[in-house]
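Numbered from 1 within each chain, the chains take letters A, B, ... in sequence-line order.
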There are 2 protein chains.
Amino acid sequence: MARAAGVAPSTASLAFSGAGPVSEDAKARVLAAAAELGYGGPDPRARSLRRGRSGVIGVVMDERLSDAFRDPVNVLTLDGIAEVAGEAGASLLLVRSPLDDERGTGPIVDAPMDAVVLVGCNVRIDPAVAVLRRRQIPVVAIEADEIEGAVPIHLDNREASRRAAAFLRDLGHTAVTVVTLPLDGSRRRGLVDPAREAEGVAHTTLERLRGVRGVYGDAPAVEAAGSSVEEGRIAGQSLFAGAAPGAAIPTAVVAQSDLLAVGVISAALDAGLRVPEDVSVVGFDGITVDDSLLHRSPIRQLTTLVQPFEQKGRAAARAALAMLEGGEPHPAAFRSELRIGDTTGPARS
Amino acid sequence: MARAAGVAPSTASLAFSGAGPVSEDAKARVLAAAAELGYGGPDPRARSLRRGRSGVIGVVMDERLSDAFRDPVNVLTLDGIAEVAGEAGASLLLVRSPLDDERGTGPIVDAPMDAVVLVGCNVRIDPAVAVLRRRQIPVVAIEADEIEGAVPIHLDNREASRRAAAFLRDLGHTAVTVVTLPLDGSRRRGLVDPAREAEGVAHTTLERLRGVRGVYGDAPAVEAAGSSVEEGRIAGQSLFAGAAPGAAIPTAVVAQSDLLAVGVISAALDAGLRVPEDVSVVGFDGITVDDSLLHRSPIRQLTTLVQPFEQKGRAAARAALAMLEGGEPHPAAFRSELRIGDTTGPARS
DNA sequence: CTGAAAGCGCTTACAG
DNA sequence: CTGAAAGCGCTTACAG
């Protein structure tokens, strides 16, 4: 193409990128030749080899996309990442799971990525981080255990949950149950006994549980198989219309996500309980839940811990970009705020 | 690294890829040297330049990710794409909008992609397709107008909608209103007059509208600003509790998505109408809607047109991969099935 | 089974 | 302002 334009490749390159001093005449000839020959611009593959950058940020999640994206928490975080990445001219590569298998293949191993953000991983991510580290790809981990070689983006999961529990305690609640997010990727449901808790690996779930236990040391916990209204309803049913007829019904439930909280409320109403008169419910996240329940009941707003997802996403992307530039690691930590809605009230006597 | 192992680069390459005949001894030396030097495997950038492939499939959507992923239709389609792409060892690159701007930059122009799938685009995609074509990147378009140079994946939007309308006609309905998906990316709401309809560009919306109009030639249409329960409720309110007190209430509503349908039903119930006794509602998609309304009302299942998203997604990915292999274009067309639930019944007299 | 060679298409100093 | 050169790191025929 450069030859057709009668210039050197280097000049053509400068003409396309606009990065160097090129005469109007030369630039016009290059553009004309490009149009003539149907040249679609510099090949990104060659460019990225030469520059040592591909302009791609990997986003790693450990679920099927349809599951991951059904959770607004992931979507909002991703949106924050996309915003910052987009401004920096980077695109997002969706990568399904830390390590697709043990064969040592999969995108973690061979996809072109300049940096990776780990989002909402409920499984052990150390092997993936190890691979990425060997590839010298910077890793940012959102709400994960401290991992050697990964820049953390933290949320005050434990402390915030503790505050929510303290709020319930001040309202006089003594029988508090936790409805938890998954403890791992197994999609199990049901009462969390010490054995189950011990095998849990999901950082966020465990931290939030510990927070409540800081106030209610022996609060029972019921695990949901995912974060959805339906899962919350299933967990709620086990509490309010449970198999054990004489079992005590909690006066308050701490749900580890807003979707779960809405499901719990739905189950409570189905069981003939009033919210918050008979049972108080606290959520986590502060998302806008699009569910008819919230429209067709007196409930206007969940009591919940509002967390700044998009800020988290943006911080993660900025941390990734900073490492790319060879800068210092850029960890960040965010706080959740207790927002008091109308799903909590004094304990029934 | 090859030098440290005492072999030629070509041998090291074969040892890593496992593609060629390499002695156990040489392979062991290569792996040892790699471990020693912390070599993380072949650089994907160089590999993709050499091979002319990056193993990346672009997925183009025209909304913010948080909007696009709030619609389960997109998510399920994406999941189908991811499944096939994953099996073929390809990753998905999320690309926000056809053309980020007129400056001629953005991932469409310079991201490394072997093929592109256009998903749920409500805007004119011709410019993007033109760019991709010049880049010689195969393009697959899901439910779009016929575009020169893009392989289409079709759904029988018009014919299916016509069947749903005929079903309502057979039930005796004469006053049918359509609640439509967006006609473009403007997020407008309200009655669709001929002028508005004429400026519509969203293929799916228009086709589904035409289908209903094939039976009810003058059916009024109300446009929603997106596909969600909340948008359906807003549209439904305008129908059932509208500003015009004397205005006739439709006996049946054709909603262009299940989420909209649930919102319409919610608004109907709020307005004191019974479903389906007072008003029948038909949806589109056949997704599992996670909304408490469906749990807390006698309604168990929407009457809707069930479409095969994931199959569509898989077909799109297969079409993209086939073009990559230099094969023939691989268009596909899918059918939606009318599933009769309990949200439709005879017209009220 | 192994090695030397060529080249994928660019961009970036550098010399003019 | 322009061009010649070097090289990013691989892989793939090809010759041995």
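- Between the CZ atom of B/Arg3 and the P atom of D/dG9 there is a distance of 12 Å, rounded to whole Å.
- Between the C1' atom of D/dG7 and the CZ atom of A/Arg45 lies a distance of 19 Å, rounded to the nearest Å.
- A salt bridge between A/Arg135 and A/Asp110 is absent, with no side-chain N of the basic residue lying under 4.0 Å from a carboxylate O of the acidic one.
- Annotated stems with DNA chain C as a participant read C:1-3 with D:14-16, C:5-12 with D:5-12, C:14-16 with D:1-3, given as range with range, by first number; only runs of 3 or more Watson-Crick or G-U pairs under 3.5 Å qualify.
- Taking 4.0 angstrom as the limit, A/Ser48 places none of its side-chain polar atoms (N or O) nearer than this to OP1 or OP2 of D/dC8.
- A donor-acceptor pair shorter than 3.5 Å can be found between the side chains of A/Asp184 and A/Ser186.
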Go along nucleotides 10-16 of chain C 5' to 3' and tag each nucleotide: B for a protein heavy atom under 4.0 Å from its base, S when only backbone or sugar atoms are that close, - otherwise.
BBB----
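- Residues B/Glu83 and B/Arg314 have side chains in contact (heavy-atom distance under 4.5 Å, counting atoms from C-beta outward).
- Atom CG in A/Asp25 sits roughly 16 Å away from atom C1' in D/dG3 (whole-Å rounding).
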Test side chain to side chain contact (heavy atoms under 4.5 Å, CB included) applied to B/Leu78 and A/Leu94, step by step
CA-CA 11 Å; B/Leu78 190 62; A/Leu94 247 38; 4.3 Å; yes
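- Here the P atom of nucleotide D/dC8 and the CG atom of B/Leu49 are 13 Å apart, to the nearest Å.
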Any chance you could lay out the side chain to side chain contact (heavy atoms under 4.5 Å, CB included) test for A/Leu76 and B/Arg70, step after step, and finish with the verdict?
CA-CA 10 Å; A/Leu76 289 166; B/Arg70 218 163 256 163; 3.6 Å; yes
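- Salt-bridge check for A/Glu325 with A/Arg53: passed, with a basic side-chain N closer than 4.0 Å to an acidic carboxylate O.
- Side-chain atoms of B/His154 and B/Glu146 include a donor-acceptor pair closer than 3.5 Å.
- Side chains of A/Met113 and A/Leu132 form a contact here, defined as non-hydrogen atoms less than 4.5 Å apart.
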